[in-house]
Amino acid sequence: MMNDTDTDIALRLAAWWESNARDLPWRFGRATAWGVLVSEVMSQQTQMSRVVPYWTAWMERWPDARALAAAPKAEVITAWGRLGYPRRALRLQECARTVAERYDGELPRTYDELVALPGVGDYTASAVMSFAFGERIAVIDTNIRRVLARAFRGEESLGGSASQVEREMARRLLPESDKVSVVWNQAVMELGATVCMAKAPLCESCPIAGQCAFLRNGRPGLGQRRTRPRQRFQGTDRQVRGLVLEALRGLPSGGTLERARVERLWEDRVQLDACVASLDDDGLVEMLPDGSLRLPE
DNA sequence: ATCCGGGGCA
DNA sequence: TGCCCAGGAT
């Protein structure tokens, strides 16, 4: 149950949302449920500002699950461009194929069915249920975890996956009506993305600064590292995989990359071969007998 | 617990 | 540079 302060915060956030929500193209009922799902998958670990142009082109090209299901993999991988984590592109197409075959092209409307789809985890399933279908469900993402931890517990959220305590708090705070719960989810998430940021929150312009336990406590531990140090990118397999895929995306449709040109992409032959093999395992590239590479059909 | 891209920012 | 980002799969 919500107390008076919780209610006050919910009202303030809803009002703030009304005049501060970013005008993203999949918001405000302008996209199908499938379009919302695509936006959520593209947004996994990727900032919205980078997603927008990709989403717009993608939905124009493949407006629904059936269209994406029928596309050649090579086109899907190429259209994913530099969004990162290209396996998301393949999973999104697998998801489209499942929806096309098993659900007659229409996205299912239950959490359990959604979360069973390829590339759809707890966050994405919840987000689609809330944002696309208007159902009352607690959405938990990194922004919401941070905002709730700060505003209501006065602490920074811990790293790792969401704890049971965090989930229970999110459920407890979720407004009772379907419609209001959707606004709540979006508003809390939006606040985390644009005001209550991880490193340098803009408390001066926060609509709930007066009610925030974190601010009241003097923002303890602000900016302190909450997650394990990230693997550096330079020199990692991720960089090498990215180079290989970038070279393949640059080829004319159906083209292949000669072995000699593959070898020129990275000096460490052992690492290069391991990365090519892992890309092959992932289904992102195909290796021909002569060692040249191409995108899969 | 680790792996998986890439861009943007102080 | 280091860190963060609307996570998911293994």
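What you are looking at is a predicted structure, and each value in this text was computed from that prediction instead of being measured. A, B, ... follow the sequence lines: proteins, then strands. Residue 1 opens every chain.
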So what does A/Thr142 touch, heavy atoms closer than 4.0 Å: a base, only the sugar-phosphate, or nothing? sugar-phosphate
To the nearest Å, give me how far apart CD (A/Glu246) and P (B/dC4) are. 18 Å
Just compare B/dG7, C/dC5, C/dG8 and give me whichever is closest to any side-chain atom of A/Arg146. C/dC5
Separation of B/dC4 atom P from A/Leu92 atom CG, nearest Å, is 21 Å
Does the plane of the ring in A/Trp80 sit parallel, tilted or perpendicular to the ring in A/Trp58? Use 30° and 60° as the thresholds. perpendicular
Spatial distance of atom CE (A/Met169) from atom CZ (A/Arg145) [nearest 0.5 Å]: 10.0 Å
Check this for me: does any side-chain nitrogen of one of A/Asp282 and A/Arg91 sit under 4.0 Å from a carboxylate oxygen of the other? no
So, is A/Arg238 near the phosphate of B/dC3, with a side-chain N or O under 4.0 Å from OP1 or OP2? no
What interatomic distance, in whole Å, is found between P of B/dC3 and the corresponding atom of C/dA6? 23 Å
Hey, are A/Ser292 and A/Asp290 close enough side-chain-wise for a donor-acceptor pair under 3.5 Å? yes
Need one value for A/Leu24: base, sugar-phosphate or nothing, where a base atom within 4.0 Å counts as base even if backbone is also close, heavy atoms only. base
Roughly how many Å is it from CD in A/Gln45 to C1' in B/dT2, rounded to a whole number? 13 Å
So does A/Thr124 get a side-chain nitrogen or oxygen closer than 4.0 Å to the phosphate oxygens (OP1/OP2) of C/dG8? yes
Shorter than 3.5 Å, N or O on both sides, protein versus nucleotides 8-10 of chain B: list them out with atom names.
none

Contact under 4.0 Å: A/Arg88 side-chain N or O vs C/dG7 OP1/OP2: no
So A/Asp282, base contact, sugar-phosphate only, or nothing? Heavy-atom distance under 4.0 Å. nothing
Can you tell me how far apart CE (A/Met129) and CZ (A/Arg136) are? Round to the nearest 0.5 Å. 12.5 Å
Residue whose nearest DNA chain C nucleotide is more 5′ - A/Met197 or A/Gln44: A/Met197
Taking CE from A/Met42 and P from C/dG8, how many angstroms apart are they, rounded to a whole number? 16 Å
Within the structure shown, what part of the strands sits under 4.0 Å from A/Val120 by heavy-atom distance: base, sugar-phosphate, or nothing? sugar-phosphate
Qualifying residue, where the test is side-chain contact (heavy atoms from CB on, under 4.5 Å) with A/Val147 and the options are A/Val195, A/Val188, A/Thr142: A/Val188
Measure from CD on A/Glu190 to P on C/dC5 and round the result to the nearest Å. 15 Å
Between A/Glu263 and A/Arg269, does any NZ, NE, NH1 or NH2 come within less than 4.0 Å of an OD or OE carboxylate oxygen? yes
How many angstroms lie between CD in A/Gln186 and CG in A/Leu13, if you round to the nearest 0.5 Å? 12.5 Å
Using whole Å, what does the distance between atom P of nucleotide C/dG7 and atom CD1 of A/Ile140 come to? 12 Å
If you measure from the C1' atom in C/dC5 to the same atom in B/dC4, how many Å do you get, rounded? 14 Å
Report the nucleotide, chosen from C/dA9, C/dA6, B/dC4, that has the shortest atom-to-atom distance to any side-chain atom of A/Arg91. C/dA9
What distance, rounded to whole Å, do you find between the two P atoms, one in B/dG7 and one in C/dG8? 22 Å
With a 4.0 Å cut-off on N to O distance, would you call A/Arg61 and A/Glu75 a salt bridge? yes
Spacing of A/Gln239 atom CD relative to C/dT1 atom P, expressed in whole Å: 13 Å
Any base atoms under 4.0 Å from A/Arg22, or only sugar-phosphate, or nothing? Heavy atoms, all strands. base
Value in whole Å for how far the C1' atom of C/dG7 lies from CG of A/Asn143: 12 Å
By the 4.0 Å heavy-atom rule, please label A/Gly84 as base, sugar-phosphate, or nothing. base
Have a look at A/Leu83 and say if it touches a base, only the backbone sugar-phosphate, or nothing, with a 4.0 Å heavy-atom cut-off. base
